[in-house]
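One structure is given here, and the rest of the page talks about it.
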Amino acid sequence: MNTFDENDQRNHPRPDETDFSRMVDAALSRRQFLGAAGAGLGLFFGGHGLAQAAMAGQTTKRTGPAIGFTPIAANGLDTLTLPAGYQWRVLASWGDAFLPGGTPFDPVTRGTAASQALSIGDNNDGMSFFSLSADHAVIAVNNEYANYEYLFVNGRCSSLEDTRKAQAAHGVSVFEVRRVAGVWQLQPNARLNRRITANTEMRLSGPAAGSALLKTQADPSGTVALGTFNNCANGRTPWGTYLTCEENFNGYFGSAESLPQNVAESAAFKRYGISAKGAGINWHPFDERFDLAKNPNEPNRFGWVVEIDPMDPTSTPIKRTALGRVKHENAEVVVNADGHVVVYMGDDEKGEHIYKFVSAKKFDAKNPKANRDLLDEGTLYVARFAAVDGKAEGEGEWLELTHGKHGLTAEAGFKDQADVLVHTRLAATVVGATTMDRPEWIAAHPTQAQVYVTLTNNSDRGVKPNQSVNGPNPRAKNVYGQIVRWTPKGNDHTAHTFTWDIFALAGNPALHKDAYAGSANITPENMFNSPDGLAFDRDGRLWIQTDGDYSNAKDFAGMGNNQMLCANPVTGEIKRFLVGPVACEITGVAFTPDQKTMFVGIQHPGEKLAPSHFPQGGDAVPRSSIIAISRRDGRVVGL
Ligand code: FEO
Ligand code: CA
Ligand code: CA
Ligand code: CA
């Protein structure tokens, strides 16, 4: 097992936790900037809205949650760096065998299709922790994609065996863990262990199930899909199921043949980025399910949120079409005060949108089985943001995506609700949704009606005609990203309107003096780029993970490797908590209920053959891994 002693720490100067208003004033005076394309002077950073929103929460004290660790410096080391007093240990890595018949990871061959199907998948991403008892639990974790440069000795998918191996490296890994002598450990061959791959049978349910758009030769019913892939982030329902979100599904399809013009040039194929060229994943020559010329509807069966019961390894995962088909990032589930279940979702592509689903029926805490199909019936909405003139704050509204409303008619190309759901992006444009800077994770505050989203970056902002600078996306050629938040009207997550502001505008204040310096709560000591993973802990600390440029040069000088930070939503303070190894992304976070262990995902260390040997060190093959982080004194992480 790998452990790591804390690094040398520097005690960085940081903002006074109790005087955020001073920071805001400083922001307003120091960091005004011109909007793109010569638009008028825009006061940036809605500080006053932020303070008010925080105060409106009532349950949180003025100072917000305590963040007790000493922040760490950026670095470019090939290891995990944590604050003084913290320790880490590998829980599971790509290729760890955990199902009966599995074989230990083979660093020479990197395994076979058969061995991969019995092992932890590649590129762990979003994950959830499901308690069975104080020291026993199930973890479900996404395996987003495969690093061909490590999965295959020759770096390429060039046979049916390779295709099956890659497909087995995708999907979801579900496994039991136990805490033994204070250390959480993967339990190989435990009863609930399961692999879900790109070939596992699934059911399509909800309003689009059975639609002509979902029918294929192999499945004339349009209700039985095979597999899930590019599973990015996740959600966890209060009835104990796991939600896995299908993101960049489009690139898995291709064809050696040219497609009929009406298919290749269709608005849907273009908007979702589906083309004969594919993205180099190269399954289509060996598995005709992925050949668009043969199966043009197969991509319509991906881009969904999939619900999995982690407590029943024989259960059939269900694709919930009521939640829409986009490049889903995560699915943040909230039970509204009135019992309706609300799911917030981002669609991660430049200029795409933020969505919300509201269940028709109410959650019944006393009868878990009654909740099983809550995600099949309800209303899908997309967000439109309006800005107060000259300020990065304002109001917004949720526009309903229901057939027959807001122009979603047959004349506009939507003959029924199934069409609206399969082509959610097209419907969102018809109703006038706001284009966003790549919505990644959405996180809802645990005790207040307040919701945060990471907008990771957008090189097209201010460049493409449909993506002019707007309120929550205030910078052209946005290389740094921002975190926006909103409060639903009346603290009611089902409300049709909200108020919003910008919590943090990432930037480089050591390099820039304008808007690209970032908001006042970004300093040379805590700066980062491309916020992505985002989650609250039970105490209301906001944990931010990055998937950014780790060159540590030019615009990104001083930021080092990808990292994880902890923010106080009330004061705006942000402290760096973790720095990852070389060429990784930090993504996926889960807590034990006692918050004494935090699980964090290290994805693709050493991607593109960058020099990493994480986590084993020496000359080992780098492997995506789930890390368990705890304090040496056994207290709550972050406190
Ligand atoms: Fe899989 Fe948008 O990150
Ligand atoms: Ca992400
Ligand atoms: Ca990302
Ligand atoms: Ca990733």
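On a predicted model such as this, the values are computed, not experimentally measured, just so you know. Atoms within each ligand, like the ligands themselves, are counted from 1 in listed order.
Shortest distance from atom 1 (Fe) of ligand 1 to Glu247 is reached at OE1 (N/O/S atoms only). The Ca ion (ligand 4) is closest to atom OE1 of Glu144 (considering only N, O or S atoms). Nearest to atom 1 (Fe) of ligand 1, among the N, O or S atoms that Glu144 has, is OE2. Between the Ca ion (ligand 2) and the N, O or S atoms of Glu329, the shortest distance is to OE2. When the Ca ion (ligand 4) is compared with the N/O/S atoms of Glu585, atom OE1 turns out nearest.
Among Tyr252, Phe229, Phe249, the one residue that satisfies the ring pair (Phe, Tyr, Trp, His ring centres under 6.0 Å) test with Phe302 is Phe229. The ring pair (Phe, Tyr, Trp, His ring centres under 6.0 Å) test with Trp543 singles out one residue from Phe599, Phe577, Tyr452, and that residue is Phe577.
Residues Glu332 and Val343 fail the side-chain proximity criterion, which asks for heavy atoms closer than 4.5 Å.
Here Glu440 meets the criterion, with an N, O or S atom under 3.0 Å of the Ca ion (ligand 2). The Ca ion (ligand 4) lies under 3.0 Å from an N, O or S atom belonging to Gln603. In summary, no N, O or S atom of Glu329 is located under 2.8 Å from atom 1 (Fe) of ligand 1. Among the backbone and side-chain atoms of Asp348, none of the N, O or S atoms lies under 3.0 Å from the Ca ion (ligand 2).
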Taking it one step at a time, do Asp287 and Arg164 satisfy salt bridge (Lys or Arg N to Asp or Glu O under 4.0 Å)?
CA-CA 9 Å; Asp287 183 345; Arg164 293 292 182 239; 2.9 Å; yes
CA sep, side-chain torsions, deciding dist, call: Arg438, Glu329, salt bridge (Lys or Arg N to Asp or Glu O under 4.0 Å): CA-CA 10 Å; Arg438 296 186 54 199; Glu329 184 72 19; over 6 Å; no
Problem - Criterion salt bridge (Lys or Arg N to Asp or Glu O under 4.0 Å) on Lys327 and Glu349, from CA distance to verdict - result: CA-CA 7 Å; Lys327 296 184 183 175; Glu349 190 144 38; 3.0 Å; yes
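Of all the heavy atoms in Pro581 and Phe614, the pair that sits closest is CG-CG, 3.5 Å.
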